[in-house]
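In what follows, a structure is listed as structure tokens, so that the remarks can point back to it.
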Amino acid sequence: MKKKELRKDFLWGAALSNVQAEGGYLEDGKGLNVYDTLVVTPEPGIESQYSDTKVATDHYHHFKEDIDLMAEMGIKAYRFSIIWSRIHPNGDDEANEKGLDFYEEMIDYMLSKGIEPVVSLVHFDMPDHLMRAYNGFFNKKVIDFYVEHVRCIAKRMNDKVKYWITYNETNLAPYQSDLVAGTNKPDYMSKEEFYSQLYINIQVAHARAVLAIKKEIPDAMVGGMVNYCLFQPATTTSRDMIACEFSHKFMNYLSFDIMTSGYLPEYFVSFMEKRDIECEFNNEEQEDVLKASKELGYLAISYYRSMMVTSYRTIKNESIIDFENNLLWGKGFVQNPLYNASEWNWTIDPDALRLSLIQLHERYHLPIFIVENGIGIKEEMINGKIYDDNRIDYYQEHIQAMKTAIENDGVDVIGYLAWSSIDFLSAHKEMLKRYGFIYINRDVEDLKDLKRYPKKSFYWYKKCIASNGNDLENNVEYW
């Protein structure tokens, strides 16, 4: 039997959230979005310093220079996001032609450099007006505005874009609802009811986006996306294993279970019934979710870390409902002492990426696209150089884990997009937490000259791509 290998057309590349990198604040008709107006909540245990979005790393004015550097690195695919509020400034208004022109120019430039565009929609960029006037995706009117937005983009970009992602990290919507879904829980509603209705609304939005894209571009490859975190039981007790299984279902699988089957899974229906939760999910919405499930081309994931689950952080004599509710809101999550962590306490666990890919492959039997994987690091430039060997270590281990999942475990992976090509503001508007292969010369408040400097990892990843992932050695010359 022939050994399974990476596809010859494997999509090596990088990914970026434009709302975190562009700047160009209200230029050329752009409106405010939920990332612009986000009131930052620090990551647990981290004393952070925050930057505003007016300039970010000025990708809006440097995109050609940045894409030139990506082409020099040998990147074959580039995932970027089209900022909703740059196309529809208020979300319920007419399209802004200058916004459409900008992204079309960006796509044309990518294509001229031999880079496959991967377009991501809804990536922390809902127009702020839709959150304040409608409460975002909790209001089904906003789904209609979103579908019109998607249709407008697909019609304009048409045959220039093959790969589409409807919605970034759908499973995080109930947990970071303002940033991810532009919504806040009504005061009269329980967290579990809010979770259930918002989850359904996001799935309807995803489904109708799939159908809108496929109507305009029948050959498009459209994927749904989750942030996949491998959960591990803290002990070998059955109670911890049950806690871990619950966490997997509700934090990893629920989105994909609905996207791939077209139905709400029994465990989710049971969850709602036990809590007397009744959600709005009419026949037309159900039909659209089912139709979209037959059009899904691949599953997209971001992967950064694993997490350990312990049932004994909750009250031992609680009811099953209380037990599950505590797990749903992360009460049982603890740091795994067997692994190192990043400076932001994110567990570094490459083997968990392999296991995640195996789990997804065996559950869904669809191609998988890793569209985010990387590590945030505090960095300092010394004489124009950034020696980020710890980033290279991270990528070496995670790419090898992915390759093992493909070659040994038979997982079908169509591409790997590193997070990220250039530095930008983190999801918490943080400049100190750098992810890029390319250093942007600015700090938290001082914009400096915004000059671009390739890091050591830039040349390492270039070598990795050129070898189709076969040469992962950290032996590049960088002086």
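Residue numbers start at 1 and run along the sequence shown.
Under the 6.0 Å distance and 45° angle rule, K455 does not count as a cation-pi partner of Y387. Geometrically, K433 does not engage W419 in a cation-pi contact defined by less than 6.0 Å to the ring centre and at most 45° from the axis. Annotation: cation-pi pair K214/W164 absent, no NZ/CZ under 6.0 Å from the ring centroid and within 45° of its normal. Annotation: cation-pi pair K54/Y25 present, NZ/CZ under 6.0 Å from the ring centroid and within 45° of its normal. A cation-pi contact, defined as under 6.0 Å to the ring centre and within 45° of the axis, is absent between R363 and F256.
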* Asked: Can you list the steps and then say if R452 with D66 is a salt bridge (Lys or Arg N to Asp or Glu O under 4.0 Å)?
  -> CA-CA 8 Å; R452 275 63 173 148; D66 294 338; 2.8 Å; yes
* Stepwise side chain to side chain donor-acceptor pair (under 3.5 Å) test for Y35 and D125 -> CA-CA 6 Å; Y35 185 72; D125 53 25; over 6 Å; no
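When all heavy atoms of N158 and E216 are compared, the closest pair comes out as OD1-O, 4.1 Å. Nearest approach of V476 to Y459, heavy atoms of both residues: CG1-O, 3.7 Å. Y228 approaches Y303 most closely through the heavy-atom pair O-CD1, 3.4 Å. Summarising the geometry of L296 relative to G224, their closest heavy-atom pair is CD1-N, 3.7 Å, with the distance given to 0.1 Å.
Looking at F424, F102, Y103 one by one, the single match for ring-ring contact (aromatic ring centres under 6.0 Å, His included) with Y60 turns out to be F102.
A salt bridge does not link E72 with K113: none of the charged nitrogens is closer than 4.0 Å to a carboxylate oxygen. Using a 4.0 Å cut-off between charged side-chain N and carboxylate O, D58 and K451 make no salt bridge. A salt bridge does not link D9 to K76: none of the charged side-chain nitrogens sits closer than 4.0 Å to a carboxylate oxygen. E104 and K160 are joined by a salt bridge, as a carboxylate oxygen and a charged side-chain nitrogen come within less than 4.0 angstrom of each other. Ion pairing between R305 and D349 fails under the 4.0 Å rule for side-chain N and carboxylate O. Salt bridge K162/D219: absent, no basic N to carboxylate O contact under 4.0 Å. Note on E22 versus R86: salt bridge recorded, some NZ/NE/NH1/NH2 to OD/OE distance being below 4.0 Å. Classification of D423 and R434 as a salt-bridged pair holds, one side-chain N sitting under 4.0 Å from a carboxylate O. Between D52 and K429, none of the side-chain N atoms (NZ, or NE/NH1/NH2) sits under 4.0 Å from a carboxylate O, so this pair counts as no salt bridge. Here E379 pairs with R391 in a salt bridge; the nearest charged N to carboxylate O distance falls below 4.0 Å. A salt bridge does not link D68 with K64: none of the charged nitrogens is closer than 4.0 Å to a carboxylate oxygen.
Within 6.0 Å of CG in N340 there are 12 or fewer heavy atoms belonging to other residues, nucleotides or ligands.
Between atom CG of residue D93 and atom NE2 of residue H149 there is a gap of 11.0 Å, rounded to the nearest 0.5 Å. Here the CG atom belonging to N470 is positioned 11.0 Å from the NZ atom belonging to K463, to the nearest 0.5 angstrom.
Between F250 and F246, the two ring planes are parallel [angle under 30°; tilted spans 30° to 60°]. Aromatic ring orientation, Y461 versus F437: parallel (interplanar angle below 30°, classes split at 30° and 60°).
Side-chain contact annotation: S120 with N168, donor-acceptor N/O pair under 3.5 Å absent.
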